[in-house]
Amino acid sequence: MLLGSLKGDYAFRRLQKGQAGYSKYLSVRWRGDQEGRIRVGIIVTKKLGKAVKRNLVRRRLLEALRALLREVNFMQGALFKKMPSFSLLIIARPEAVQATYKELEQSLRHALIRAKLIQ
RNA sequence: GCAGUGAGGGACGUCUGAUCGCAGCAGUAGCUGAGGAAAGUCCGGGCACCACAGGGCAUAGUGCCAGUUAACGACUGGGCGCGUAAGGCGACGGCAAGUGCAACAGAAAGGAAACCGUUAUAGGUAUCAUCUAUAAGUUAUAGAUGAUACCUAUAAUAAGGGUGAAACGGUGUGGUAAGAGCACACCAGUACCGCUGGUAACAGGGGUAGCUAGGUAAACCCCACUUGGUGCAAGGUCCGAACGUCUGGGUUGACCCGACCUUAAGGCAAAGAAGACCGCUCGAGCCUCCUGGCGACAGGAGGCCCAGAUAGAUGAUCAGAACCCGCAAGGGUACAGAACCCGGCUUAUAGCCCUCCUGCAGCG
């Protein structure tokens with residue numbers, strides 16, 4: 001499954017009105033579109049630390065998302081012509097630095113369910 | 001041998017395998033995939049575009065000498081200063097052009113003057129000595145001269161004033177009213193002129209002169225040299241949205257001009273929004289050896305290809321090894337992530353290795 005990345009100020013601003021979900025280590029927002037693919041943006045602010053720590057959190061989140069997308073079913077609003085088609089924004093909280101990969105993955109699953117993106 | 005919160009250096013800074021995932025390359029199998037600082041962005045280049053006849057000013061920087069280098073404010077070697085020395089540190093041209101600045105203490109912080117002090121002269125006062133006069137009898141008073149002390153004025157002086165980071169050369173002799181480079185000898189320093197060694201900075205030594213010139217230039221400044229700006233989001237190619245214009249088509253109209261409409265009709269011009277591609281990684285490249293050089297480094301031979309992402313690829317899980325901590329279970333393995341590319345500098349850094357040093361213990 002191809003993952004596009006969100007680019008530009010407009011794409012991020014559009015998601016301010018999206019469906020939101022929260023969990024311990026992160027929050028998510030998503031919105032359906034007609035692109036026919038999944039586009040994702042991950043925000044890891046400087047509150048989390050320097051480049052090494054921020055990179056680690058971002059890569060773990062991206063890895064966890066890929067793992068989740070392989071096994072889950074999407075809600076109806078996220079589909080376009082029976083293909084998943086939406087923009088997703090993941091915002092890491094400062095506590096995410098201390099989390100292990102497993103904790104991040106669970107946290108992401110929890111948040112996506114609460115945002116009504118997956119079942 | 002052990003220890004060290006001692007110094008210096010390291011082209012040391014975890015390793016191996018499996019599975020899943022990501023990026024690049026490849027027809028496939030597959031191969032490759034962060035650092036010594038990738039960091040800070042403090043200097044210097046390459047490269048790119050813009051500006052530019054030449055010169056000057058300004059701004060900013062550099063500042064002992066020689067070398068290395070593409071270049072540098074870097075590096076190497078040397079000199080000088082500080083230090084007993086090993087060694088370390090030094091923006092290390094000029095304050096005997098000008099201007100400015102200096103807490104506290106101190107008489108005074110730059111004008112060599114004031115003050116204290118010293119000395120001479122004059123005046124006054126006191127005391128003493130001598131002489132004279134008067135009165136009286138072994139004394140008193142007055143005057144004169146001299147000496148000493150104190151006070152005042154004028155002149156001379158910078159020897160002395162002990163404070164300070166720093167006080168207008170030092171020591172001695174002569175000299176003088178007292179003193180003073182005032183004169184002389186030696187020493188230190190300065191300027192100039194030769195000599196010797198060195199490419200040079202500079203070092204050694206000689207002569208002459210004058211008599212001394214405080215500190216501070218990462219204070220202004222003076223002198224010498226260097227210095228255009230912006231940074232790969234540079235810049236370029238493809239492609240080409242909206243806006244323009246012309247032709248066409250339509251409406252109005254008897255027709256023409258005109259006006260309005262039309263964008264899934266076409267042309268021209270321009271546009272830099274979005275996107276794709278180039279720039280982009282083979283380079284002042286890396287490794288080994290040889291030659292030259294004290295060295296920085298240079299030359300040669302052979303071998304090698306070693307990230308190129310673009311909101312940004314390195315992650316997850318498991319197994320094992322190494323080192324450290326702990327009796328054990330177990331825990332820990334730093335600083336830190338490429339963003340056009342190189343050369344430096346600076347800062348961060350657990351542990352490991354090498355050389356030297358120190359301590360303790362043992363042996364000879």
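In this structure, the NZ atom of K53(A) is 15 Å from the C1' atom of A39(B), given to the nearest Å. In this entry the distance linking CG of L61(A) with C1' of A316(B) reads 13 Å, nearest Å. As a whole-Å value, the separation of K50(A) NZ from A37(B) P is 18 Å. For N55(A) and A316(B), the CG to P distance is 12 Å, given to the nearest whole Å. Spacing between atom CZ of R54(A) and atom P of A338(B) amounts to 11 Å, rounded to whole angstrom units. As rounded to whole Å, 13 Å separates atom P of A311(B) from atom CG of L62(A). The distance between atom NZ of K102(A) and atom C1' of U317(B), rounded to the nearest whole Å, is 7 Å. The distance from atom CD of E103(A) to atom P of G315(B) is 19 Å, rounded to the nearest whole Å.
Here the separation of G46(B) from G337(B), taken at their P atoms, is 30 Å to the nearest Å. Rounded to whole Å, the C1' atom of C341(B) lies 22 Å from the corresponding atom of U314(B). The separation of U154(B) from C211(B), taken at their C1' atoms, amounts to 32 Å, rounded to a whole angstrom. The separation of G87(B) from G110(B), taken at their C1' atoms, amounts to 41 Å, rounded to a whole angstrom. Of the P atoms belonging to C75(B) and U208(B), the separation is 48 Å, rounded to the nearest Å. With both ends at atom P, the span from A70(B) to G299(B) equals 8 Å, rounded to whole Å. Rounded to a whole angstrom, the distance from the C1' atom of C280(B) to that of G285(B) is 16 Å. A23(B) sits 15 Å from A311(B) when the C1' atoms are compared, rounded to a whole Å.
Under a hydrophobic-cluster definition in which Ile, Leu, Val, Met, Phe, Trp and Tyr are linked whenever side-chain heavy atoms come within less than 4.5 Å, directly or via other members, F74(A) and L65(A) are assigned to the same cluster. Residues L117(A) and Y22(A) fall into different hydrophobic clusters, defined by Ile, Leu, Val, Met, Phe, Trp and Tyr side chains chained together at heavy-atom separations under 4.5 Å.
Judged as a side chain to side chain contact (heavy atoms under 4.5 Å, CB included), and not counting sequence neighbours, the contacts of Q19(A) are W30(A). In this view, Q106(A) satisfies the side chain to side chain contact (heavy atoms under 4.5 Å, CB included) rule with no residue, not counting sequence neighbours. R109(A) meets the salt bridge (Lys or Arg N to Asp or Glu O under 4.0 Å) test with E71(A); sequence neighbours excluded. Considering only residues two or more places apart in sequence or on other chains, K47(A) meets the side chain to side chain contact (heavy atoms under 4.5 Å, CB included) condition with T45(A), P94(A). For R60(A), the side chain to side chain donor-acceptor pair (under 3.5 Å) criterion is met by no residue, not counting sequence neighbours. For R31(A), there are no side chain to side chain donor-acceptor pair (under 3.5 Å) partners, not counting sequence neighbours. In this structure, S27(A) has no side chain to side chain donor-acceptor pair (under 3.5 Å) partners at least two apart in sequence or on a different chain.
With a 3.5 Å ceiling on both atom-pair distances, U84(B) lacks any Watson-Crick or G-U wobble partner. Remark: G308(B) base-pairs with no nucleotide in the shown strands. Criterion, Watson-Crick or G-U wobble with two distances under 3.5 Å. A3(B) and U358(B) make up a base pair, with Watson-Crick or G-U wobble contacts both under 3.5 Å. For A147(B), the paired nucleotide is U127(B), the pair qualifying as Watson-Crick or G-U wobble because both relevant distances are below 3.5 Å.
Taking both residues in full, the closest heavy atoms of L48(A) and R93(A) are given as CD2-O, 3.7 Å, listed atom of the first, atom of the second, then distance. For the pair T100(A) and E103(A), the tightest heavy-atom approach, listed with the atom from each and the gap, is N-OE1, 2.8 Å.
Between R60(A) and the phosphate of A316(B), there is a side-chain N or O to OP1/OP2 separation shorter than 4.0 Å. In this model, the phosphate group of A316(B) is not approached by any side-chain N or O of R59(A) to a distance below 4.0 Å at OP1 or OP2.
Here G36(B) is in the syn range [glycosidic angle within 90° of 0]. Syn is the classification of G181(B), since its glycosidic angle stays within 90° of 0. Taking the O4'-C1'-N9-C4 or O4'-C1'-N1-C2 dihedral as appropriate, A34(B) has a value within 90° of 0 and is therefore syn. Syn is the conformation of G194(B), whose glycosidic angle sits no further than 90° from 0. Classified by its glycosidic torsion, C15(B) falls in the anti category, the angle being over 90° from 0.
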Listed pairs, N/O of protein and of nucleotides 17-21 of chain B, under 3.5 Å:
none

Review item, nucleotides 347-349 of chain B N/O atoms under 3.5 Å of protein N/O:
none

